[in-house]
**Student:** 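Quick one: the structure is below, questions incoming.
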Amino acid sequence: MAEQKRRSADSASVAMLDVAGNLGVQTAWDRLDAQKGQCRFGREGLCCRHCFMGPCRVGKDGRGPQQGVCGATAETIVARNLLRHVAAGTAAHCDHAREIVRALLMAAEGNSPVYQIRGPAKLHALAEEYGIARDGRSDRQIAKDLAEFLLAEFGRQDGALANTRRAPEQQQKNWAQGAATPRGIDREVSTALHMTAMGVDNDPEHLLLAAARVALVDGFGGSMIATDVSDVLFGQPKPLRASANLGVLKADEVNILVHGHEPTLSDVMVAASRDAELLAEAKAAGAAGINLAGICCTANEVLMRHGVPIAGNFLQQELALMTGAVDVMLVDVQCVFPSLAEFEQCFHTRVVSTSPKAQFRGAKHIAFEEERAWDTARQIVREAIAAFGRRDPGKVAIPHERQPLIAGFTREVVSEILGGRYRPSYRPLNDAIQTGRIRGVAGVVGCNNPKFPQDESHLAMVKELIRNDVLVVQTGCSAIACAKGGLLTPEAAMQHAGEGLQEVCRAVGMPPVLHCGSCVDNSRILTTCAEMVAEGGLGDSFDKLPVAGAAPEWMSEKAIAIGMYFVASGVSVVIGQSLPVEGSAWAVDFLTREIEKHFGATWSFEPDPIKAAQLMIDHIDCKRVELGLPASMYPVPYAQKTVEAVAAVG
Ligand code: NFS
Ligand code: SF4
């Protein structure tokens with residue numbers, strides 16, 4: 001138990017880790033232990049495999065060879081590797097967006113019984129923004145033009161990405177000066193791969209500015225498009241109540257977990273799990289009902305729109321199977337462990353893969369084609385009902401942890417809850433910041449990583465921030481961590497928030513920590529920042545705002561892309577584990593200092609979440625001073641205690 005407690009701050013996870021230990025089942029933590037002594041060259045970005053005169057690795061501090069076979073230096077190798085990571089992360093979000101836009105086209109053409117336009121207000125707002133004619137036209141006609149317009153953003157050959165116009169003018173100027181104005185989505189990803197190929201770009205600064213540019217097609221391209229079109233297709237989220245942690249699984253029902261990222265799959269599963277005919281079949285098989293729950297970001301998608309419960313975040317994907325109560329674990333793309341299918345040897349769980357992009361050895365593949373979405377979803381529910389019949393009640397151990405939460409905060413919702421439905425506005429938020437009642441806003445996002453005790457950094461950081469009157473907005477697995485930790489409720493404000501933030505939360509009945517959705521919904525944070533600038537009084541570009549971002553337990557290349565588009569957008573970002581650039585003192589200096597000249601923001605690396613929170617608050621205070629705003633209305637002393645981050649670094 002003590003050993004497991006070092007692995008996770010979540011008692012439900014600790015209980016399941018114990019079960020795994022007793023059964024001798026390996027989890028990510030065990031496999032990390034087996035990897036101990038992870039390669040320093042890789043960690044510091046000093047290993048190059050871009051051609052096969054190599055692989056080359058260069059030494060730090062004058063030790064060992066200082067250049068690859070081709071003559072590339074540490075600076076070049078580190079910068080090239082980072083650009084590739086950003087390109088890969090960007091590609092993931094953008095390819096996800098592409099599928100959603102294609103589903104919109106299908107809905108527009110009337111070729112899908114399941115995809116409909118459930119967010120007509122968003123459709124019209126987007127049509128208005130992009131100059132798509134609306135008068136006398138049906139929603140489907142408008143949606144068709146919108147889908148075609150957005151698909152063209154992927155293949156755009158010239159000019160800036162359309163959504164860059166959502167950024168303040170000054171920000172757009174910063175990008176132009178830094179040669180970072182993002183162009184077509186596929187163009188930037190493909191150019192990044194070309195630039196980093198053997199014998200192409202070797203100017204490290206030029207490479208890192210290109211990393212900012214490709215990241216911006218993620219933030220203002222893929223992620224923003226995925227968010228917008230998901231709102232059009234699946235409806236705009238509204239605040240709703242739900243619950244989180246493994247206790248949402250039900251011993252007497254068919255349990256289906258959706259895991260992955262694309263709402264084109266999970267949203268249809270919600271409907272299928274509520275289908276009367278299938279419910280009758282489940283009852284005939286002896287189940288009391290069909291219980292759908294989610295893991296990772298696809299969970300956040302269906303939570304935000306349907307209140308579907310969250311079973312857990314990234315590091316709980318294996319632990320959920322240890323409950324012995326999951327009948328089908330349905331996966332699509334991204335953040336899915338290849339290990340999942342191995343659990344079929346121990347448990348009755350059927351792991352079902354669905355994406356043509358991601359097949360899992362040992363899993364059952366049921367191709368999910370958007371045209372046949374409804375039939376496929378029903379087929380998957382039937383798989384689960386059949387698996388329920390094979391469940392071994394002796395192996396079922398569902399932890400009791402199940403925390404209530406409120407989710408569903410979007411840019412639109414925030415202006416409504418603060419300004420009122422009939423005069424939605426960002427004025428009240430800006431006012432609260434200007435007076436110092438709210439000190440600033442922090443985005444705390446990103447993954448779990450077994451190098452850190454699961455959830456511990458998210459919780460410690462967020463608590464320190466709200467204690468200091470910083471309003472926290474969240475997405476991804478970080479939001480799930482804080483949901484499980486009980487921070488996504490209005491009551492949490494009374495318990496954990498400083499006096500100023502408490503006053504605001506009490507006045508509008510909102511939690512001090514706002515769940516804004518999945519990782520692609522980080523784009524909602526960008527558009528919220530744009531609203532704050534447009535509302536006035538907080539400067540003329542993102543980098544003037546008293547805001548900061550963090551990803552304390554990050555692990556994914558997508559997280560690097562997200563961090564980079566925030567920094568390129570003027571929002572400074574603190575991350576727990578360093579970027580893989582420490583092999584070059586120049587690169588560290590550029591990313592943590594010099595880059596500010598271009599975009600007005602920097603990266604920081606700080607494994608201790610309390611210290612990281614204090615860095616963010618200091619940054620926010622600096623911005624307040626620059627804006628001529630008064631100090632925080634109710635200052636409190638900083639927490640002295642820091643969390644010993646047990647980063648298992650080399
Ligand atoms: Ni984001 Fe979501 Fe979670 Fe990290 Fe993975 S699920 S897209 S990458 S691990 S937050
Ligand atoms: Fe080595 Fe240069 Fe080839 Fe990289 S590109 S593997 S540094 S020779």
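Here the structure is a predicted model, which is why all the values come from computation and not from measurement. Indexing begins at 1, ligand by ligand and atom by atom, following the structure's order.
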**Student:** Assess Arg57 against Phe41: is NZ or CZ under 6.0 Å from the centre of the six-membered ring, and within 45 degrees of the ring's axis?
**Tutor:** yes
**Student:** Which bit of Arg80 gets closer than 4.0 Å to ligand 2, counting heavy atoms only: side chain, backbone, both or neither?
**Tutor:** side chain
**Student:** Would a distance-only check, ignoring hydrogens and angles, find a side-chain to backbone donor-acceptor pair under 3.5 Å from Gln317 to Cys335?
**Tutor:** yes
**Student:** Does Arg213 make a cation-pi contact with Tyr565 (under 6.0 Å, within 45 degrees of the axis)?
**Tutor:** no
**Student:** Compare His93, Glu553, His261, Glu557 and give the one whose heavy atom is closest to atom 6 (S) of ligand 1.
**Tutor:** His261
**Student:** Distance from Ser569 atom OG to Ile525 atom CD1, nearest 0.5 Å?
**Tutor:** 11.5 Å
**Student:** Taking the side chain from His206 and the backbone from Asp201, do they hold a donor-acceptor pair closer than 3.5 Å?
**Tutor:** no
**Student:** Do NZ/NE/NH1/NH2 and the carboxylate oxygens of Asp30 and Arg7 come within less than 4.0 Å?
**Tutor:**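 So Asp30 pairs with Arg7 through a salt bridge.
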**Student:** For Asp231 and Arg524, run salt bridge (Lys or Arg N to Asp or Glu O under 4.0 Å): C-alpha distance rounded to whole Å, both residues' side-chain angles, the deciding distance at 0.1 Å, then the answer.
**Tutor:** CA-CA 11 Å; Asp231 284 357; Arg524 297 191 199 273; 2.9 Å; yes
**Student:** Please identify which atoms of ligand 1 are closer than 4.0 Å to at least one heavy atom of Gly446.
**Tutor:** 10 (S)
**Student:** For ligand 2, which atoms have a heavy atom of Gly54 less than 4.0 angstrom away?
**Tutor:**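 Counting from 1, the qualifying ligand atoms are 6 (S).
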**Student:** Which ligand 2 atoms, with their elements, are less than 4.0 angstrom from a heavy-atom of Cys48?
**Tutor:** 4 (Fe), 5 (S), 6 (S), 7 (S)
**Student:** Considering only heavy atoms of Cys56, which atoms of ligand 2 have at least one such atom less than 4.0 Å away?
**Tutor:** 1 (Fe), 6 (S), 7 (S), 8 (S)
**Student:** Is Met555 near ligand 1, meaning one of its heavy atoms is under 4.0 Å from it?
**Tutor:** yes
**Student:** Within ligand 1, which atoms have a heavy atom of Cys447 less than 4.0 Å away?
**Tutor:** 4 (Fe), 8 (S), 9 (S), 10 (S)
**Student:** Let me know which of Lys558, Lys357, Arg102 forms a salt bridge (charged side-chain N to carboxylate O under 4.0 Å, His left out) with Asp95.
**Tutor:**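 Passing option: Lys357.
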**Student:** Contact between ligand 1 and Ala559 is defined here as a heavy atom of the residue under 4.0 Å from a ligand atom; is it met?
**Tutor:** no
**Student:** Number the atoms of ligand 2 from 1 as they appear, then name those within less than 4.0 Å of a heavy atom of Met198, with their elements.
**Tutor:**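 Counting from 1, the qualifying ligand atoms are 5 (S).
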**Student:** With a 4.0 Å cut-off, would you call Arg98 and Glu153 a salt bridge?
**Tutor:** no
**Student:** How close does the nearest protein non-hydrogen atom get to atom 3 (Fe) of ligand 2, and which residue and atom is it?
**Tutor:**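 That would be Cys51 SG, 2.3 Å.
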**Student:** Ser556 heavy atoms, cut-off 4.0 Å: which ligand 1 atoms fall inside?
**Tutor:**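 Contacts of ligand 1 toward Ser556, numbered from 1: 8 (S).
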**Student:** From atom 5 (Fe) of ligand 1 out to just under 2.8 Å, does an N/O/S atom of Cys296 turn up?
**Tutor:**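 No - counting backbone and side chain alike, Cys296 has no N, O or S atom under 2.8 Å.
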**Student:** Distance to 0.1 Å, residue and atom name: give those for the protein heavy atom nearest to atom 3 (Fe) of ligand 1.
**Tutor:** Cys477 SG, 2.3 Å
**Student:** Quick one: which ligand 2 atoms are inside 4.0 Å of a heavy atom on Gly68?
**Tutor:** 7 (S)
**Student:** How are the rings of Phe590 and Trp586 set relative to one another: parallel (under 30°), tilted (30 to 60°) or perpendicular (over 60°)?
**Tutor:** parallel
**Student:** Taking only heavy atoms of Cys519 into account, list the atoms of ligand 1 that are under 4.0 Å away from them.
**Tutor:** 1 (Ni), 2 (Fe), 7 (S), 10 (S)
**Student:** Just jot down the ligand 2 atoms closer than 4.0 angstrom to any heavy atom of Cys70, in number order.
**Tutor:** 2 (Fe), 5 (S), 7 (S), 8 (S)
**Student:** Give a yes/no answer: is there an N/O/S atom of His50 under 2.8 Å from atom 4 (Fe) of ligand 2?
**Tutor:** no
**Student:** Could you list the atoms of ligand 1 found under 4.0 angstrom from a heavy atom of Phe314?
**Tutor:**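 Selected atoms, number and element: 9 (S).
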**Student:** Main chain of Asn255, side chain of Asn291: is a donor-acceptor contact present, judged purely on distance under 3.5 Å?
**Tutor:** no
**Student:** Which residue supplies the protein heavy atom nearest to atom 5 (Fe) of ligand 1, what is that atom called, and how far is it?
**Tutor:** Cys335 SG, 2.3 Å
**Student:** Is Glu401 salt-bridged to Lys484, cutoff N-O under 4.0 Å?
**Tutor:**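 Looking at Lys484 together with Glu401, the answer is no, because their closest N to O distance does not fall below 4.0 Å.
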